[in-house]
Amino acid sequence: MSIWTAPLADGHIQATVDLPGSKSITNRALVLAALADGPSTITGTLRSRDTNLMLSALTELGIGVRVDPADPTTVSIEPRPLHAGEVFCGLAGTVMRFLPPVAALASGDVAFDGDPQARQRPLTTILDALRDLGVGVDGDSLPFVVHGTGSADGGTVTIDASGSSQFVSGLLLAAARFDNGITVRHVGAPVPSTPHIDMTVEMLATAGVVVDTSQPDTWRVPPSVIKAVDVAVEPDLSNAAAFLAAAAVTGGEVSIPRWPATTTQPGAQIADILAEMGCTVELFDGVLTVRGPERLTGISRNLRDIGELTPTIAAVCALADGESVLSGIAHLRGHETDRLSALATEINKLGGDVSETDDGLIIRPAPLHGGQWDSYADHRMATAGAIIGLVVPGVTVDDIETTSKTLPDFPGMWQQMVGHP
Ligand SMILES: O=C(O)C1=C[C@@H](OP(=O)(O)O)[C@@H](O)[C@H](O)C1
Ligand SMILES: C=C(OP(=O)(O)O)C(=O)O
């Protein structure tokens with residue numbers, strides 16, 4: 001694990017940054033392709049730790065995976081009968097929550113494990129849901145075993161998905177292959193990250209599976225075939241957010257090509273947030289450009305729908321002139337690390353003035369100084385440290401390699417954006 005000196009911007013950043021594919025779209029596309037009625041090809045596939053773990057897991061369970069030797073982002077998937085195996089989840093929420101329902105369809109035991117920190121991430125909700133749907137599961141968190149029998153009954157299940165939208169998405173992705181389909185009812189505090197559920201529903205629709213969402217907090221998937229479709233993955237807008245934040249904090253200009261005209265990726269909402277903080281945002285000819293202002297203002301926002309942007313937003317808020325109140329994000333305590341605690345601790349270590357609330361953060365303006373920013377094995381904590389390090393001299397980030405969870409070469413891309421070796 002190396003200590004990385006965050007590059008300091010020596011003026012206004014001017015850069016165009018082309019982002020690789022979306023983690024969330026890639027891992028959904030891979031699961032749907034594996035359960036489909038024929039082979040398909042995914043282009044623009046993100047090749048990072050989380051998506052490589054998904055590819056390895058599907059291979060382990062018997063699915064045919066072929067990576068184009070000329071272009072590793074083109075991946076062909078051939079569905080085959082699922083069998084017993086061992087799935088390593090790393091720290092990927094999309095692997096640990098999307099694959100247990102798939103494992104229920106395998107003809108044998110599927111044993112799941114992951115990184116030490118992954119053992120802390122909430123899983124009981126989806127494992128209990130599978131038990132309620134008639135699937136044998138041993139365990140409540142990683143490591144656990146799903147006793148696949150080649151098919152599963154399905155039916156109606158009531159869950160509290162306030163801890164993660166991935167509990168709903170995971171059940172929906174495989175639901176059509178359960179004998180009776182699956183109806184998921186949510187009861188509890190509001191479900192976070194609902195755009196990610198919309199992404200699941202939209203990608204299922206593209207594969208011919210219509211999810212009935214006519215009742216609030218209820219998703220009904222009838223048993224049906226999942227059609228094989230070739231998917232072109234959009235660029236990852238949550239990772240784009242960190243690069244756009246660089247324009248915001250340096251008063252510079254960053255452009256992201258291939259910005260989708262419409263998308264379910266919650267990362268797209270970074271544009272509104274940076275605009276509210278004083279940036280100029282323009283979308284022209286599929287290129288999104290953010291220009292940073294002289295002074296950033298604070299914001300007061302409920303981030304429940306876009307929780308994964310919080311580390312990026314918090315880093316920008318820590319450099320703004322006014323107070324920011326970020327709320328609706330209690331579930332971030334179950335992300336890669338307890339992000340509310342980690343952000344407060346690390347910003348305060350650099351001289352900041354951040355307090356945790358039950359469901360968020362209050363970030364007040366304070367002069368920041370250099371120091372060590374710890375990543376807690378969290379890719380978005382690492383990139384948040386890099387954002388602050390652009391304008392605060394002497395920031396070092398531990399374990400910058402952890403950014404490979406969703407971006408294969410963050411340090412190289414960041415250095416290139418900053419523009420000096
Ligand atoms: O389904 C997905 O691809 C994701 C859903 C969200 O999870 P939570 O609902 O747990 O926040 C998000 O934060 C995560 O980065 C990706
Ligand atoms: C919460 C995140 O990831 P995961 O898919 O592992 O939940 C994230 O990428 O911010």
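Each ligand, and each atom within it, is numbered from 1 in the order the structure gives. We count residues from 1, following the sequence as given.
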ask   = H379 heavy atoms, cut-off 4.0 Å: which ligand 2 atoms fall inside?
value = 8 (C), 9 (O), 10 (O)

Per-atom contacts of ligand 2 with A92, taking only distances under 4.0 Å to non-hydrogen atoms = 6 (O)

Less than 3.5 Å apart, any donor N or O on the side chain of [X] or [Y] sitting next to an acceptor on the other?
X: T310; Y: R339; answer: no
X: D71; Y: T74; answer: yes
X: S48; Y: D50; answer: no
X: S164; Y: H331; answer: no

Shortest protein heavy-atom distance from atom 2 (C) of ligand 2, along with the residue and atom involved = E336 OE2, 3.0 Å

ask   = How far is atom 14 (C) of ligand 1 from its nearest protein heavy atom, and which residue and atom is that?
value = E308 OE1, 3.3 Å

key: Test: K405 and D378 ion pair at under 4.0 Å   = no

task = List the steps, then state whether side-chain contact (heavy atoms from CB on, under 4.5 Å) holds for N27 with L46.
result = CA-CA 9 Å; N27 276 356; L46 174 67; over 6 Å; no

message = Check this for me - ligand 2, R380, N or O atoms closer than 3.5 angstrom, yes or no?
response = yes

message = Is there a polar contact, in the sense of an N or O pair closer than 3.5 Å, between G93 and ligand 2?
response = yes

Can you tell which part of [X] has a heavy atom less than 4.0 Å from ligand 2: side chain, backbone, both or neither?
X: T406; value: neither
X: R339; value: side chain
X: R121; value: side chain

task = Would you check the N or O atoms of S169, main chain and side chain alike, for any that come under 3.5 Å of an N or O of ligand 1?
result = no

key: Polar atom proximity, R380 to ligand 1 (N or O, under 3.5 Å)   = no

Near [X], which atoms of ligand 1 are under 4.0 Å from a heavy atom of that residue?
X: F98; answer: 1 (O)
X: S164; answer: 8 (P), 9 (O), 10 (O)
X: H331; answer: 11 (O)
X: T94; answer: 3 (O)

Closest approach of R380 to T383 (non-hydrogen atoms, all atoms of both residues) = O-OG1, 3.2 Å

request  = Assess whether salt bridge (charged side-chain N to carboxylate O under 4.0 Å, His left out) is satisfied between D217 and R185, documenting all intermediate values.
outcome  = CA-CA 6 Å; D217 283 337; R185 285 183 57 233; over 6 Å; no

R28, portion touching ligand 1 at heavy-atom distance under 4.0 Å = side chain

